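To keep things clear, I will list the structure first and then write my remarks on it.
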Amino acid sequence: SVQVRRRALNDIADVGRWGHELALLAEPVVLSLSSHGSPKGLEVGGETVTPEMIAESLRYASNLQLAHFSSCLMMKNQLAERVVKQLGDRATFPISGYTTAVDWGASAVIEFMYFELLLGRRMRPARAAKQLNILFPTAGDKRVAGAVFAPAGFRILLPKPAASKSADPPAEKAAAVESTGR
């Protein structure tokens, strides 16, 4: 019961265009932005998309249930907090991602389970994130003895309670949108 739409990010203009398109979808949306991340923002087409640009592209997406950065370092250096600050009262959705230069194989496994918990098992993002750290301790911050993967530094930033709305997708349908800059 999940519809997936994929959009390619070739440059900064695509981030704005595809972000604004989200507001036109009737269903609740779980957004996954997949590209290289840096301490300054999302890397797309050799340019840096700042948190303020990301916020502007998501400004009218009132149907957004979660924005996940499938990218290195996007939860470090207050990048996610800058998105929230720029959105102000429109910051009603959680933001998740990694504080580290996460290994691509580890992130693939982590995200497969994260999206299964969110979309398949209909968990709220906060509960799915908590469950993820139980199922895959390497997703967190602590090194797991004997593990070949370094800690991924998975984080979730929840909206302020006064501004939040239910993060449960309706039982009948949820839309997942994945944007890739790779």
Side-chain angles (χ1 to χ4, degrees), residues 2 4 6-10 12 14-15 19 29-55 57-58 64-87 91 93-159 167 176-182:
V2 176
V4 177
R6 183 185 179 282
R7 302 291 184 264
L9 300 175
N10 296 307
I12 288 178
D14 285 344
V15 175
V29 173
V30 172
L31 172 67
S32 177
L33 289 162
S34 178
S35 189
H36 295 289
S38 77
K40 295 180 182 180
L42 200 62
E43 301 298 323
V44 176
E47 299 176 289
T48 301
V49 182
T50 67
E52 292 75 18
M53 292 172 183
I54 293 165
S57 75
L58 301 177
L64 200 53
Q65 302 294 303
L66 170 72
H68 175 69
F69 289 102
S70 178
S71 310
C72 298
L73 305 168
M74 291 303 294
M75 298 303 285
K76 190 173 180 171
N77 297 335
Q78 304 289 309
L79 295 177
E81 288 85 349
R82 285 171 50 196
V83 171
V84 169
K85 182 179 178 183
Q86 186 73 23
L87 284 169
F93 53 88
I95 300 172
S96 59
Y98 305 97
T99 60
T100 67
V102 64
D103 181 276
W104 74 268
S107 71
V109 171
I110 290 166
E111 289 169 15
F112 185 89
M113 181 56 68
Y114 187 43
F115 289 120
E116 168 59 21
L117 295 170
L118 290 165
L119 303 171
R121 300 187 185 248
R122 304 274 185 220
M123 288 185 186
R124 290 182 179 208
R127 184 170 174 226
K130 185 175 183 179
Q131 188 63 213
L132 187 65
N133 283 304
I134 293 169
L135 295 169
F136 298 106
T138 194
D141 294 320
K142 295 180 183 172
R143 180 166 284 285
V144 176
V148 297
F149 293 114
F154 178 87
R155 292 270 192 295
I156 188 165
L157 177 63
L158 299 173
V177 176
E178 179 181 356
S179 296
T180 58
R182 296 186 212 184

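All values derive from a computational prediction rather than experimental measurement.
Note that CZ of R124 and CD of Q131 are 16.0 Å apart. Values are rounded to the nearest 0.5 Å. Taken from CE in M123 to NZ in K130, the straight-line distance is 11.5 Å, to the nearest 0.5 Å. Rounding to the nearest 0.5 angstrom, the gap separating the CD1 atom in I54 from the CG atom in L79 is 8.0 Å.
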(request) Using the side chain to side chain contact (heavy atoms under 4.5 Å, CB included) rule, take Q65 and V29 through it: C-alpha gap first, then chi angles, then the decisive distance, then the call. (result) CA-CA 6 Å; Q65 302 294 303; V29 173; 5.9 Å; no
(request) Verify side chain to side chain contact (heavy atoms under 4.5 Å, CB included) between Y98 and S107, making sure each step is shown before the conclusion. (result) CA-CA 9 Å; Y98 305 97; S107 71; 3.7 Å; yes
(request) Could you check E43 against T48 for side chain to side chain donor-acceptor pair (under 3.5 Å), going step by step and ending with a plain yes or no? (result) CA-CA 5 Å; E43 301 298 323; T48 301; 2.9 Å; yes
(request) Could you please spell out the steps behind the side chain to side chain contact (heavy atoms under 4.5 Å, CB included) verdict for V84 and I95? (result) CA-CA 9 Å; V84 169; I95 300 172; 3.9 Å; yes
(message) Between F136 and F154, does the ring-ring contact (aromatic ring centres under 6.0 Å, His included) criterion hold? Intermediate values first, please.
(response) CA-CA 10 Å; F136 298 106; F154 178 87; over 10 Å; no
(request) Decide side chain to side chain contact (heavy atoms under 4.5 Å, CB included) for E81 and L157; before the verdict, give the C-alpha distance in whole Å, the side-chain angles of both, and the deciding distance to 0.1 Å. (result) CA-CA 8 Å; E81 288 85 349; L157 177 63; 4.1 Å; yes
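Residues H68 and E111 meet the side-chain proximity criterion, which asks for heavy atoms closer than 4.5 Å. Taking 4.5 Å as the limit, every side-chain heavy atom of S96 sits out of range of all side-chain heavy atoms of F69. Using a 4.5 Å cut-off on side-chain heavy atoms (C-beta onward), L135 and Y114 make no contact. Using a 4.5 Å heavy-atom threshold, the side chains of V44 and N10 count as separate. Under the 4.5 Å side-chain criterion, counting only non-hydrogen atoms from C-beta, L132 is in contact with M113. Side-chain contact between P125 and L118 is present, with at least one heavy-atom pair separated by less than 4.5 Å. Between L33 and L9, some side-chain heavy-atom pair lies under the 4.5 Å cut-off. Using a 4.5 Å heavy-atom cutoff, the side chains of L31 and L66 are not in contact.
Nearest heavy-atom pair across M75 and T99 is O-CG2, 3.6 Å. The nearest pair of heavy atoms linking V83 to A55 is O-CB, 3.6 Å. Minimum interatomic distance between A129 and I156 (heavy atoms only, all atoms of both residues): CB-CG2, 3.8 Å. Nearest heavy-atom pair across A8 and D14 is O-OD2, 3.5 Å. Annotation for L58 and G19: closest pair CD2-CA, 4.5 Å, computed over non-hydrogen atoms.
Within 6.0 Å of CZ in R127 there are 12 or fewer heavy atoms belonging to other residues, nucleotides or ligands.
No side-chain donor-acceptor contact under 3.5 Å links S71 to the backbone of M74. Side chain of D103 to backbone of G105: a donor-acceptor contact under 3.5 angstrom is found.
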Less than 3.5 Å apart, which donor and acceptor atoms pair up between the side chains of residues 142-153 and the rest of the protein, not counting sequence neighbours?
none

